[in-house]
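Worksheet for the structure shown next.
The figures here come from the full heavy-atom set of this structure, side chains too, leaving out hydrogens, waters and symmetry mates.
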Amino acid sequence: QVRLVESGGGLVQAGGSLTLSCAVSGRTFSNLAMGWFRQAPGKEREFVAAITWNGLSTDYVETVKGRFTISRDNAKNTVYLQMNSLNPEDTAVYYCAADRRLGLAYRTGSYNYWGQGTQVTVSS
């Protein structure tokens, strides 16, 4: 059974930073591409960032480019999302997801496994 557990969410002031972590168990981590999504109240879940199985390629939604960085440590079975210059529009529940197909993926339907989410709240 594949399990994804997010951590690192919380309350931060605008302009601040947070780093989210997602620990993966139950499957060979290096055989998975990973992504981060977020869902704000009343909105659909949206793509935030993705990384290939080997970490050599990444991509981001336009609104977070230059502020967020996705990375992974295959030795620790963990993917990270470093978030800088946060603003209130970044407030959402953040989810990590795993895709067995190894490459970058942007749609929720492309991912096979999901975590339970971690709340990020940015105050103005």
Side-chain angles (χ1 to χ4, degrees):
Q1 181 180 355
V2 180
R3 188 173 182 220
L4 285 67
V5 180
E6 301 98 334
S7 61
L11 174 64
V12 63
Q13 288 188 334
S17 299
L18 282 174
T19 298
L20 306 183
S21 300
C22 174
V24 180
S25 60
R27 191 174 179 95
T28 302
F29 184 64
S30 58
N31 289 345
L32 298 168
M34 300 298 298
W36 286 97
F37 288 74
R38 65 186 180 185
Q39 188 166 18
K43 295 187 177 181
E44 293 188 354
R45 192 169 299 189
E46 68 165 350
F47 167 80
V48 175
I51 188 167
T52 53
W53 68 276
N54 56 7
L56 292 182
S57 293
T58 60
D59 204 0
Y60 303 87
V61 66
E62 194 65 33
T63 53
V64 308
K65 283 184 179 178
R67 299 190 298 123
F68 290 12
T69 302
I70 187 171
S71 62
R72 65 189 295 156
D73 185 338
N74 285 355
K76 295 183 177 180
N77 294 351
T78 302
V79 62
Y80 305 96
L81 186 67
Q82 172 69 43
M83 306 184 294
N84 298 325
S85 302
L86 286 160
N87 58 62
E89 290 69 38
D90 296 315
T91 295
V93 177
Y94 283 70
Y95 299 89
C96 72
D99 179 5
R100 295 193 297 257
R101 292 175 294 177
L102 307 183
L104 297 175
Y106 301 88
R107 298 183 300 110
T108 57
S110 297
Y111 288 84
N112 307 104
Y113 311 105
W114 291 84
Q116 293 300 306
T118 185
Q119 177 70 46
V120 171
T121 303
V122 184
S123 63
S124 57

**Request:** Assess whether side-chain contact (heavy atoms from CB on, under 4.5 Å) is satisfied between Leu102 and Leu32, documenting all intermediate values.
**Result:** CA-CA 5 Å; Leu102 307 183; Leu32 298 168; 5.8 Å; no
**Message:** Set out, in order, the CA-CA distance, both residues' side-chain angles and the distance that settles side-chain hydrogen bond (donor to acceptor under 3.5 Å, both in side chains) for Tyr106 and Asp59, then state yes or no.
**Reply:** CA-CA 9 Å; Tyr106 301 88; Asp59 204 0; 2.6 Å; yes
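For the pair Val12 and Thr121, the minimum side-chain heavy-atom distance is 4.5 Å or more. Residues Val48 and Leu81 are in side-chain contact: their nearest non-hydrogen atoms beyond the backbone lie under 4.5 Å apart. Annotation: side chain of Arg101 is in contact with side chain of Ser110 (closest heavy-atom distance under 4.5 Å). The side-chain heavy atoms of Val79 and Trp36, taken from C-beta on, include a pair separated by under 4.5 Å. Contact of the Ser21 side chain with the Glu6 side chain is not registered, since no non-hydrogen atoms from C-beta on lie closer than 4.5 Å.
Val61 meets the side-chain contact (heavy atoms from CB on, under 4.5 Å) test with Phe47, Thr63, Val64; sequence neighbours excluded. Applying the side-chain contact (heavy atoms from CB on, under 4.5 Å) criterion to Val120, with sequence neighbours excluded, gives Leu18, Leu20, Met83, Tyr94, Val122. Qualifying side-chain contact (heavy atoms from CB on, under 4.5 Å) partners for Thr28, counting only residues two or more places apart in sequence or in other chains: Ser30, Asn31. For Thr52, the side-chain hydrogen bond (donor to acceptor under 3.5 Å, both in side chains) test picks out Asn54, with sequence neighbours left out. With sequence neighbours excluded, the residues forming a side-chain contact (heavy atoms from CB on, under 4.5 Å) with Ser123 are Leu11, Gln13, listed by chain and number.
Of all non-hydrogen atoms in Ser124 and Ala14, the two that sit nearest each other are CA-CB, 4.3 Å. Looking at every heavy atom in both residues, Tyr111 comes nearest to Ala50 through OH-CB, 3.7 Å.
Sequence neighbours left out, the pairs with a member in residues 28-53 that pass salt bridge (Lys or Arg N to Asp or Glu O under 4.0 Å) are Arg38-Glu46, Arg38-Asp90. Among residue pairs with one or both ends in residues 106-118, none qualify as salt bridge (Lys or Arg N to Asp or Glu O under 4.0 Å); sequence neighbours excluded. For the salt bridge (Lys or Arg N to Asp or Glu O under 4.0 Å) condition, no pair includes a residue of residues 11-28, sequence neighbours left out. Screening residues 74-124 for disulfide (SG to SG under 2.5 Å) gives Cys22-Cys96 as the qualifying pairs, with residues at least two apart or on separate chains. Counting only residues at least two apart or on different chains, no ring pair (Phe, Tyr, Trp, His ring centres under 6.0 Å) pair has a member in residues 50-76. Here salt bridge (Lys or Arg N to Asp or Glu O under 4.0 Å) pairs that include residues 69-83, with residues two or more places apart or in two chains, number zero.
In this structure, Ile51 CD1 and Ser57 OG are separated by 9.0 Å, a value rounded to the nearest 0.5 Å. Atom-to-atom distance recorded for Leu4:CG and Gln116:CD is 9.5 Å, nearest 0.5 angstrom. With values rounded to the nearest 0.5 angstrom, Gln39 atom CD is found 9.5 Å from Thr108 atom OG1. Rounded to the nearest 0.5 Å, atoms CG (Leu86) and OG (Ser17) are 6.0 Å apart. Distance CG/Leu104 to CE/Met34: 13.0 Å, rounded to 0.5 Å.
Summarising the local packing, CD of Gln119 is surrounded by more than 12 heavy atoms from other residues, nucleotides or ligands at distances under 6.0 Å.
Looking only at distances, a side-chain donor or acceptor of Asn112 sits under 3.5 Å from a matching main-chain atom of Arg100. In this structure, Thr118 contributes its side chain and Gly9 its backbone to a donor-acceptor pair below 3.5 Å.
Using a 4.5 Å cut-off between side-chain heavy atoms of Ile, Leu, Val, Met, Phe, Trp and Tyr, with links allowed through other members, Phe29 and Val2 fall into the same hydrophobic cluster.
Within the hydrophobic cluster formed by Ile, Leu, Val, Met, Phe, Trp and Tyr side chains joined at under 4.5 Å, directly or through other members, Tyr80 stands alone, with no partner residue.
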